[in-house]
Each structure stands twice: as C-alpha cells, then as structure tokens.
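Worksheet: the structure to be examined is printed underneath.
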Amino acid sequence: MGATAQYDVKDLGLANEGRKRIDWAARDMPVLAQISKRFAKNKPFKGLKMAACLHVTAETANLARALKAGGAEVALCASNPLSTQDDVAASLWKHDRISTYAIRGENSATYHKHLFGVIERGPDLTMDDGADLVSALHTTHTRYIDNVKISMEETTTGVIRLAALEKKGDLKIPVIAVNDAKTKNMFDNRYGTGQSTLDGIIRATDLLLAGKTVVVIGYGWCGRGVASRAAGMGSRVIVTEINPIRALEAAMDGFRVLPMARAAREGDLFVSVTGNMHTIAAAHFPVMKNGAVVCNSGHFDIEIDLKSLKKMAVKQRLNVRHCVDEYILPNKRSIFVLAEGRLVNLSAAEGHPASVMDMSFATQALAADWGWKKVCSSKGLSVSVHQLPESIEDGIATLKLKAMGIPIDHLTAEQKKYLSSWDMGTN
Ligand code: ADE
C-alpha cells in the first residue's frame, strides 16, 4: 500500500460475498436504515471528510454506508488486527467506494500504516473504537489534528483513555462518549457482548457450557451479560471483581463471588471483561485445571498475561484448532488460549449481532450529526469529553421499540401534573 492508496484489503474477489453479508446485517438494522434515509435527504455531512477506526464488520459497513448517504467522504480502518471481515472490507471499496484499509491478521506495522491511511486523508471528524485514531493524532500524527473538529468514541476502554488525556490537560479536540449513551452500553455491552462472547467461545472450542464452571472476570455491563448468558446455558458461574458494589450486585444476582486466586483453581473456562491488565496473571496459570480455557472479551489483548504464560510453558502447540493455542506447563497441565488473547467475540465469531449494533450505530450516527451541528454552531463545543443528550437516546429507543412492534404506555395529563407537583403527600 502506497501513501496515496485508496484502499488496502485482502482480496477484491471476496467483494460479492461481503455484499451479501452486509445486506443480511442490514435486514436487522431498521433504526440505522431510517437514519440513513433521513441523512440521504438532508445531507448533514455534505463535503465532510470522516475517518473511522472501527471493527470492519458487516454492521460497521452499514454505518459507513449511512454516513456516506449523509454526504460524508468516509475512510475506514480496523480497530483490531483480528476482527476484520475481509469480504466486507473488499465490498466496501468495490461496491460502495468507501476507502477501506483492513486485512484480518495484519501485523502491528500494517495496523499502524492503515491508521495513517485514514489520517492522511485530512478528516474533519473521526470515529474510534478504542481511541487509537485520537491517540495517533495526539502523538505520532499531530500535524493532522488542527483539521479535526470533533471525534466520537465507541467503547468503554476508549472513553477511559480519553478521560485520562483530558485529566492531564492534553486533550485537543472535543469528543463524544458514544459508549456512555444508554442506547449503547446497556444493550451492546450487555446483550451484545453476552451473546457474541459465548458465540466466539463455542465456535472456537465446540465446548458444552452446561455443567462447566465459568469464571467471569469483571461485572460491568459486559461481565453482567456474559455471566447471565453462561448461567442461562447451564454453567456454574463465578464472578471476580475489585469493585465492592459490583461484587455485591453479582452476589445478589445469584453468582458465587471469589477472589481470582481461588477462582483460578475452580474454573473450566475463564472470560476476562475488565478493560484492565493481567486480570489473568502469571500466578493463576499453574493452579488452573488441566484443559482450562482462557479468553478475553475486553478491547485490548492485555487482560491475559500471555507473555508470562509463554515463558513458563514447556511446550506450545499453536492452532490446535482455529483460534485455539495450547500451552503445556511444567506441571504437565494444558491451558488453552483463544484468539491469541484478543477480543474472542470478534476474532473467533462475528462480533455482536446486527440487531444490537443497530442501536449502537444509530447512536454513533446521531452523535456525529449532533456533534457536527454543535461544533459548527456559534457556541461551538468545548474541548472535553461530552455525553449525548438524553433526548437522542430516547429517540433511538422509541424507534427500536417501534421496529420491534412493542407499543408502550404514555403518561396521562393527570400523571404529568402529579409528577411535577410537590404538595400531594400522605392522604
Ligand atoms: N463491536 C462488537 N461487535 C461489533 C460488530 N458486529 N461490528 C462492529 N463493532 C462491533
């Protein structure tokens, strides 16, 4: 790929398969379709250059199509080296003329070259899933940052990074924490991660979850989702936490709560969903059962201390199955690592189903619309991490309910009056 390449994908010959996959996902993304229609009419992004660093999946392709329908020139690169669907990437360039730089399995140098591929287009607006674009704009590619007026962040890990940048006083562009919208995290993080993580584990291993002891590390929205889905499939679930409120919640949701040092001895399957480093650490491997399976569904591949595992292993058998590596320890026990410790739901499966990404990407699209209008307004938008207004979340939830054929009640005039009064107490 040269400096001015319009795209870098594995094989354009995969494009027709990719288009089928994108169209299949579109059937389950009715809210995004309505927004796309509105964008096509009003062209809110006319003349705008957008750079997006997202998982290159069929669902993301539908978001990119919607942004393009709104008048944007969109360039897309992968937010994880193992999550790209190569057929989708090929179709995005071949059929939609959306510049796409993503190849599944790309090495670190190519990953960063692809990041640069979208940055050097001189975007006005950026979208991130994990903050790699914003990070590059603040460090290695600073000469492009003046042109960027606003950025959107899709995931918890990215919002944490950006909040740290803001706290240090070094953030240079306004950012919208799309992740923090209820229409994103309550659904995508919980039901999306819950289902797609188990999907990735099952596709990789073909394990029966019923009767297995599953250790869920972290009880945020993602952990809650994974724990409830694993329990629903008949697993005995143990939760580990560092936050007392979340630990209590897990206990009252009916799960055993243990420190990791004890849980490590009991689990058949370990799923880390914390966003933090080395939650499965060197000390845990030697006490695990023979045949224990470990995986990560947090954004970065830092949750499992793979380096230490590799160091202590007396033998490695890579790819014993697709996405499964075996490490044999001095105590002769085998530990199986899924997807090289990268996001198991996107590496071994297809990520969250389209129906839930419909809400995430409707939120993302409307955040871009709202944010761009704000930065273009006379008041502008301060250089900080912003939350989306609740009215946008309510609008998305209303559209989703309608698409699902679920009517709800509305306050009567009497109830509205009661809620806004203070003087009606004990009769
Ligand atoms: N994150 C999780 N699942 C995803 C998907 N299917 N597409 C894009 N981003 C995702």
Side-chain angles (χ1 to χ4, degrees), residues 18 20-29 31-33 50 52-67 74 76-89 91-92 98 100-102 104 126-133 152-159 177-181 183-201 203 220-223 225-226 229 271-273 275 295-301 338-339 342-365 367-368:
K20 281 194 223 165
R21 207 202 283 230
I22 296 167
D23 291 344
W24 177 257
R27 288 164 175 256
D28 237 353
M29 303 183 83
V31 179
L32 186 63
M50 287 191 188
C53 177
L54 301 169
H55 299 294
V56 179
T57 66
E59 293 74 27
T60 302
N62 281 293
L63 171 66
R65 282 175 169 180
L67 299 171
V74 182
L76 175 66
C77 68
S79 60
N80 185 296
L82 271 189
S83 61
T84 296
Q85 295 168 357
D86 287 318
D87 51 357
V88 167
S91 178
L92 273 170
I98 289 171
T100 304
Y101 307 87
R104 185 186 158 97
T126 65
M127 274 181 193
D128 255 318
D129 187 330
D132 278 354
L133 269 184
M152 314 289 134
E153 176 50 55
E154 168 79 7
T155 202
T156 315
T157 294
V159 172
V178 175
N179 174 75
D180 295 356
T183 43
K184 198 279 178 179
N185 63 54
M186 279 179 66
F187 302 92
D188 173 309
N189 298 23
R190 177 168 39 173
Y191 304 112
T193 307
Q195 178 166 321
S196 63
T197 299
L198 296 195
D199 184 15
I201 292 164
R203 288 197 208 193
W221 284 118
C222 295
V226 174
R229 268 46 194 159
V271 187
S272 186
V273 268
C295 66
N296 164 48
S297 216
H299 185 78
F300 287 120
D301 59 340
L338 306 188
R342 296 193 189 276
L343 275 166
V344 72
N345 59 341
L346 279 141
S347 304
E350 294 169 78
H352 305 346
S355 178
V356 84
M357 293 313 296
D358 186 30
M359 294 180 69
S360 308
F361 285 158
T363 312
Q364 185 68 257

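Note that these values count all heavy atoms, side chains included, but never hydrogens, waters or copies made by symmetry. No experiment lies behind these values; they were computed from the predicted model shown. Indexing begins at 1, ligand by ligand and atom by atom, following the structure's order.
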Q: Report all protein residues having a heavy-atom distance below 4.0 Å to some atom of ligand 1; order the list by chain, then number.
A: His55, Thr57, Glu59, Thr60, Leu346, Glu350, Gly351, His352, Met357, Phe361
Q | Donor-acceptor pair, side chain of Asn62 and main chain of Ile22, under 3.5 angstrom | A |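 Yes.
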Q.
Holding to salt bridge (charged side-chain N to carboxylate O under 4.0 Å, His left out), I want the full list of residues that pass it with Arg104, two or more places apart in sequence or in another chain.
A. none
Q: Sequence neighbours left out, what passes salt bridge (charged side-chain N to carboxylate O under 4.0 Å, His left out) with Asp28? Give chain and number order.
A: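 Listed in chain order: nothing, the list is empty.
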(Q) Any non-hydrogen side-chain atom of Glu153 less than 4.5 Å from a side-chain atom of Thr155? (A)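 Side-chain contact under 4.5 Å: yes.
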**Q.** Test item: Met29 and Met357 side chains (from C-beta on) under 4.5 Å apart, heavy atoms
**A.** yes
Q) How would you list, by chain and number, every residue that makes a side-chain contact (heavy atoms from CB on, under 4.5 Å) with Cys222, sequence neighbours excluded? A)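 Counting only residues at least two positions away or on another chain, Cys222 forms a side-chain contact (heavy atoms from CB on, under 4.5 Å) with Asn189, Thr193, Val273.
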